[in-house]
Amino acid sequence: MTRPAAFLPTAQTQLYCVIGNPVAHSKSPVMHNRAFAETGLDAVYLAFEAGDAGAAMSAVRQLGIQGVSVTVPHKVTVMEYLDEVDDRAKDVGAVNTVKNVAGRLVGRNTDGFGAVRALEDRTPLDSRRVAVVGAGGAARAVAFVAGWRGAKVTVVNRSPDRGRSLASEAGAAFLPLAEIQDLACDVIVNCTSVGMSPHKEESPVPAAVFKEGMVAMDIVYNPLRTRFLEDAATAGCEVVDGLSMFVYQGAAQFEWWTGELAPVEAMRQTVLDALGYPG
Ligand code: ATR
């Protein structure tokens with residue numbers, strides 16, 4: 001179902017939003033508004049630049065905002081202002097999604113599930129060797145969820161302390177980035193921001209790491225085809241771009257908030273258009 005182009009919100013229209021700082025370049029609003037339009041839901045989604053996660057959650061309660069995407073720098077601090085955080089988000093240590101359930105604010109994390117769903121379009125993860133490059137927020141989400149899916153995870157990180165700590169929490173192995181030439185894996189995911197525009201020529205790993213038949217995914221989606229993915233494709237790997245993870249984490253938010261199936265293809269196309277990429 002398609003909503004008329006001239007959609008006029010009324011007093012019944014439900015509000016959803018993203019909070020973060022900065023949020024001016026967030027693609028979540030176009031993606032979720034397209035999803036509302038495709039499914040005909042009487043809802044709108046806005047971006048709010050919020051300096052304080054606690055004040056933002058008070059506003060959510062006061063205004064009856066139905067759902068919130070939480071982005072940098074609030075994914076960790078927001079947790080203390082919620083009524084409930086699901087156990088998986090507690091393990092990951094961050095919340096990227098809040099649902100207002102009749103006045104109770106409940107937190108989840110869909111980032112790792114987005115990544116895993118994008119990977120599972122190409123390969124099952126159960127018993128596969130998955131290398132997670134990085135040890136920041138994104139790496140935490142991917143390492144935990146891949147582990148829950150039965151993958152044998154190795155955290156590969158530049159600073160050993162941070163990498164070892166994530167590996168031990170997630171039940172994963174650890175390899176220092178400096179020793180990545182020793183890596184044997186079926187799937188490799190760049191969970192660092194290395195290669196993001198304007199540093200398009202950079203990759204966190206040497207090209208020799210990629211072997212034919214591996215699946216390589218990048219969480220960076222600007223550019224869509226990063227140096228990491230270019231090197232992987234040249235070596236004969238299957239590549240999964242970062243937009244897939246972004247769209248699937250958004251789809252999981254949408255499905256939790258609304259109970260409707262997310263129109264994933266339309267959401268992806270809308271974000272591609274917003275980024276100025278050809279379809
Ligand atoms: P986020 O939480 O958004 O994932 P982050 O916490 O800043 O981001 O984490 C960035 C990750 O990218 C870290 O694992 C970082 O490695 P260190 O723990 O050694 O700092 C990694 N990273 C950043 N720049 C890097 C670079 N030039 N080479 C390799 N790894 C890098």
Side-chain angles (χ1 to χ4, degrees), residues 18-23 25-28 53 69-79 88-97 107 109-116 118-119 130-147 153-170 172-183 185 188-210 216-223 226-232 240-246 248-250:
V18 55
I19 63 155
N21 192 5
V23 282
H25 298 290
S26 171
K27 298 302 172 231
S28 291
S69 307
V70 182
T71 188
V72 178
H74 300 312
K75 288 186 184 188
V76 178
T77 44
V78 75
M79 295 171 80
R88 290 170 166 191
K90 279 185 196 154
D91 283 341
V92 171
V95 157
N96 78 327
T97 314
N109 193 316
T110 68
D111 285 330
F113 294 99
V116 159
L119 285 170
V130 175
V132 172
V133 182
R140 289 188 65 87
V142 175
F144 274 99
V145 181
V153 177
T154 299
V155 173
V156 182
N157 199 48
R158 181 180 59 182
S159 73
D161 289 357
R162 216 166 160 207
R164 270 203 193 89
S165 150
L166 168 56
S168 82
E169 280 181 70
F174 172 70
L175 187 72
L177 185 57
E179 294 171 28
I180 197 166
Q181 70 280 0
D182 300 335
L183 180 71
C185 67
I188 182 165
V189 186
N190 174 30
C191 294
T192 76
S193 55
V194 179
M196 190 184 289
S197 184
H199 305 288
K200 293 182 189 170
E201 284 312 305
E202 294 176 17
S203 168
V205 304
V209 163
F210 299 109
M217 185 171 92
D218 206 325
I219 66 159
V220 173
Y221 61 85
N222 182 20
T226 55
R227 171 81 191 278
F228 176 89
L229 293 182
E230 276 301 337
D231 289 346
V240 185
D241 64 57
L243 198 52
S244 307
M245 169 177 172
F246 178 71
Y248 279 135
Q249 64 76 33

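When reading the values below, keep in mind they use all heavy atoms of this one structure, side chains included, and skip hydrogens, waters and symmetry mates. Whatever order the structure lists ligands and atoms in, that order sets their numbers, starting from 1.
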Numbering as shown, the atoms of ligand 1 that approach A138 to under 4.0 Å (heavy-atom distance): 4 (O)
Residue L177 vicinity, atoms of ligand 1 by number, heavy atom under 4.0 Å: 29 (C)
Atom 9 (O) of ligand 1 - nearest protein heavy atom and its distance: G136 CA, 3.5 Å
Derivation of the side chain to side chain contact (heavy atoms under 4.5 Å, CB included) call for Y221 and D241: CA-CA 6 Å; Y221 61 85; D241 64 57; 5.6 Å; no
Contact bool for atom 4 (O) of ligand 1 (protein heavy atom, d < 4.0 Å): yes
Heavy-atom pair of closest approach, residues V153 and A146: CG2-CB, 3.9 Å
Polar contact flag for R158 and ligand 1 (N/O pairs, less than 3.5 Å): yes
Test log, rule side-chain hydrogen bond (donor to acceptor under 3.5 Å, both in side chains), inputs D161 and S159: CA-CA 6 Å; D161 289 357; S159 73; over 6 Å; no
Those atoms of ligand 1 less than 4.0 Å from some heavy atom in V194: 24 (N), 25 (C), 26 (C), 27 (N), 28 (N), 31 (C)
Proximity flag A139 to ligand 1, non-hydrogen atoms under 4.0 Å: no
Donor-acceptor pair, side chain of S168 and main chain of S165, under 3.5 angstrom: yes
Pairing of K75 and D111 as salt bridge, 4.0 angstrom limit: yes
Any protein heavy atom nearer than 4.0 Å to atom 19 (O) of ligand 1: yes
Distance (rounded to the nearest 0.5 Å) between L166 CG and N157 CG: 8.0 Å
Side chains of R140 and E169 in contact at under 4.5 Å (non-hydrogen atoms): yes
Nearest non-hydrogen protein atom, atom 13 (C) of ligand 1: R162 NH1, 3.6 Å
Any donor-acceptor pair under 3.5 Å from R227 side chain to K200 backbone: no
From CA spacing to verdict: side-chain hydrogen bond (donor to acceptor under 3.5 Å, both in side chains), N96, T110: CA-CA 7 Å; N96 78 327; T110 68; 3.0 Å; yes
Protein contact of atom 2 (O) of ligand 1 - nearest heavy atom, named by residue and atom, plus distance: G137 N, 2.6 Å
N/O separation below 3.5 Å, T192 to ligand 1: no
G134: numbered ligand 1 atoms lying under 4.0 Å from its heavy atoms: 14 (O)
Region of S159 that comes within reach of ligand 1 [heavy atoms, distance under 4.0 Å]: both
